[in-house]
Amino acid sequence: MERFVSDRLYLDHAATTPMTAGARAAVLAGMAMWANPSSPHGEGRAARKALEEARAQVAAAYGWTSEVLFTSGASESLGIALNRVHAPARYASAVEHDAVWRSGADPRVLPVDEQGVVTREGLDAISGGLVCVQWCNSETGVRQPIAGIAEAVHAAGALLLVDAAQMPAGEGAEVAAHADLVALSAHKRGGPPGVGALLVRDLAVLAPSGGQERGYRAGTENLPGVLGYAAALEEAEPVERWVRLRARLDDAVRRSGGEVVGEGAARHPAIGSYRMPGVAATAQLIRMDLDGIAVSAGSACASGSLKPSHVLRAMGWDEAATREVLRVSFGRTTTQDEVDRFIAAWRAIARERRGAFAA
């Protein structure tokens with residue numbers, strides 16, 4: 001898998017990760033055989049067959065035994081669930097992705113603790129409805145205890161919607177066992193942009209809209225994108241290598257006077273969020289970019305905003321501290337040498353800051 005620019009270092013895979021070779025090949029194959037999967041002629045039937053085979057592949061990759069509805073991505077999947085599930089109320093953790101807050105569903109906010117994990121008090125306040133939580137936070141990498149949350153949600157007579165856009169398919173057993181609905185995104189997992197899925201345990205909980213996808217999403221199916229998504233999921237993600245790389249990065253940041261966000265909680269092995277006290281994230285980003293390193297400040301959907309991170313604020317951070325945090329995220333090809341290159345750049349910025357302070 002080639003890099004975007006050969007001499008640059010890309011460490012923003014949580015925003016989007018390059019398509020795998022298999023995904024690119026599958027998209028091209030889908031374009032070559034393109035016909036509308038809803039058409040009754042032979043070409044349409046062949047396209048429908050390919051679509052349904054890919055649907056089964058995606059379900060199997062996530063260990064899901066119920067319905068799979070293809071969408072344009074996780075944001076649409078969340079919007080469908082939040083707005084069309086038959087439920088008297090909506091709830092969402094305070095650290096959910098901006099797509100939840102922009103959905104128009106106006107969910108009630110469930111508080112989180114200083115690590116970003118939904119509190120017991122928040123769960124106890126649920127009374128029926130639909131509860132939305134991320135498998136892991138896209139800014140901090142902090143994972144929610146899905147099994148425990150599901151137990152509380154179901155005991156309250158509610159349904160659980162999990163935003164699993166950042167979840168490697170091989171890590172999905174807990175979600176498959178406990179969630180009622182799951183929002184997924186292809187381009188976070190090495191598939192093409194513009195395609196995702198909503199996993200639904202029981203379609204009866206969802207109001208139909210007519211059209212395609214079992215009558216729950218209108219519009220001609222994106223067959224090339226769906227084939228690319230299914231192909232990407234066939235290539236396992238290197239979770240164990242990520243664990244070692246992030247531990248190395250965490251340790252280096254601590255030793256350099258930085259702060260690891262959410263380090264007291266379970267975290268995604270490929271996502272780390274780090275504060276450099278006294279240095280604005282914007283200044284860090286500019287310096288890193290000049291050094292040929294691509295990282296981000298928060299999730300891609302919010303990184304261009306001048307507002308402080310709502311995620312860090314919900315975790316109890318003051319506004320000034322939220323503006324000093326970078327996110328680093330790994331992909332399939334990330335190596336130890338690349339992590340060490342980032343560490344060297346981080347330490348150089350930290351030394352400069354200490355030198356300026358001493359002067």
Side-chain angles (χ1 to χ4, degrees), residues 36-39 48 51-52 54-56 58-59 62-93 96-110 118 122-123 125-135 144 146 149-165 167 172 175-186 194-223 225-226 229 301:
N36 192 318
S38 296
S39 297
R48 170 61 61 180
L51 180 73
E52 296 308 321
R55 194 187 309 276
V58 170
Y62 289 101
W64 193 254
T65 58
S66 301
E67 298 289 342
V68 177
L69 306 179
F70 287 118
T71 68
S72 64
S75 291
E76 185 191 5
S77 296
L78 289 166
I80 290 173
L82 286 164
N83 288 290
R84 286 172 36 203
V85 163
H86 302 295
R90 271 74 173 152
Y91 303 84
S93 85
E96 292 306 299
H97 190 276
D98 279 353
V100 171
W101 311 116
R102 294 171 180 168
S103 68
D106 193 24
R108 303 176 191 178
V109 179
L110 300 178
V118 178
L123 294 174
I126 296 168
S127 179
L130 175 70
V131 179
C132 179
V133 297
Q134 288 179 311
W135 178 78
Q144 299 290 345
I146 296 299
I149 290 174
E151 182 179 7
V153 168
H154 294 150
L159 299 171
L160 178 61
L161 164 63
V162 176
D163 174 0
M167 181 182 74
V175 170
H178 298 287
D180 299 292
L181 303 102
V182 185
L184 300 169
S185 175
V195 63
L198 177 64
L199 310 184
V200 185
R201 192 170 302 282
D202 181 2
L203 284 175
V205 306
L206 196 64
S209 62
Q212 289 74 19
E213 289 303 287
R214 300 349 192 207
Y216 290 87
R217 181 183 187 264
T220 301
E221 295 92 342
N222 178 5
L223 179 61
V226 166
Y229 185 18
C301 295

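Side chains included, hydrogens not; waters and symmetry mates left out as well; all remaining heavy atoms used.
Side-chain N or O atoms of Gln212 include one that pairs as donor or acceptor with a backbone N or O of Gly219 at under 3.5 Å. No side-chain donor-acceptor contact under 3.5 Å links Glu67 to the backbone of Asp202. Ser93 contributes no side-chain N or O that, together with a main-chain N or O of Leu110, makes up a donor-acceptor pair within less than 3.5 Å.
Residue Ser77 holds its OG atom at 10.5 Å from CG of Leu82, rounded to the nearest 0.5 Å. Leu199 CG to Leu161 CG: the interatomic distance, rounded to the nearest 0.5 Å, is 10.5 Å. Atoms CG and CZ, on Leu130 and Arg84 in that order, are 13.0 Å from each other to the nearest 0.5 Å. Here CD1 of Ile149 is found 7.0 Å from CG of Leu160. Values are rounded to the nearest 0.5 Å. Of the inter-residue distances, the one linking Leu198 atom CG with Phe70 atom CZ reads 11.5 Å to the nearest 0.5 angstrom. Atom CZ of residue Arg201 and atom NE2 of residue His178 lie 9.5 Å apart, to the nearest 0.5 angstrom.
A pairwise comparison of heavy atoms in Ala165 and Ala74 identifies CB-CB, 3.9 Å as the closest pair. Between Val68 and Glu213, the closest heavy-atom pair is O-OE1, 4.0 Å. Nearest heavy atoms, Leu206 versus Tyr216: O-CE2, 3.1 Å. Among all heavy-atom pairs drawn from Trp64 and Ala179, the shortest one is CH2-O, 3.5 Å. Among all heavy-atom pairs drawn from Thr220 and Pro37, the shortest one is CG2-CD, 4.3 Å.
A 4.5 Å side-chain heavy-atom check between Asp180 and Val205 finds every atom pair outside the cut-off. With contacts defined as side-chain heavy-atom distances shorter than 4.5 Å, the pair Tyr229/Val58 qualifies. Leu203 places a side-chain heavy atom less than 4.5 Å from the side chain of Leu69.
For the side-chain contact (heavy atoms from CB on, under 4.5 Å) test, residues two or more places apart in sequence or in another chain that qualify with Ala89 are Tyr91, Arg108. Glu52 meets the side-chain hydrogen bond (donor to acceptor under 3.5 Å, both in side chains) test with Arg48, Arg55, Arg214; sequence neighbours excluded. For Ala164, the side-chain contact (heavy atoms from CB on, under 4.5 Å) partners at least two apart in sequence or on another chain are Trp135, Val162, Met167, Val182, Leu184. Take Asn222 and apply the side-chain hydrogen bond (donor to acceptor under 3.5 Å, both in side chains) test, not counting sequence neighbours, and it matches no residue. Here Ser103 pairs with nothing under the side-chain hydrogen bond (donor to acceptor under 3.5 Å, both in side chains) rule; sequence neighbours left out.
Identified under the salt bridge (charged side-chain N to carboxylate O under 4.0 Å, His left out) test for residues 70-79, with sequence neighbours left out: Glu76-Arg217.
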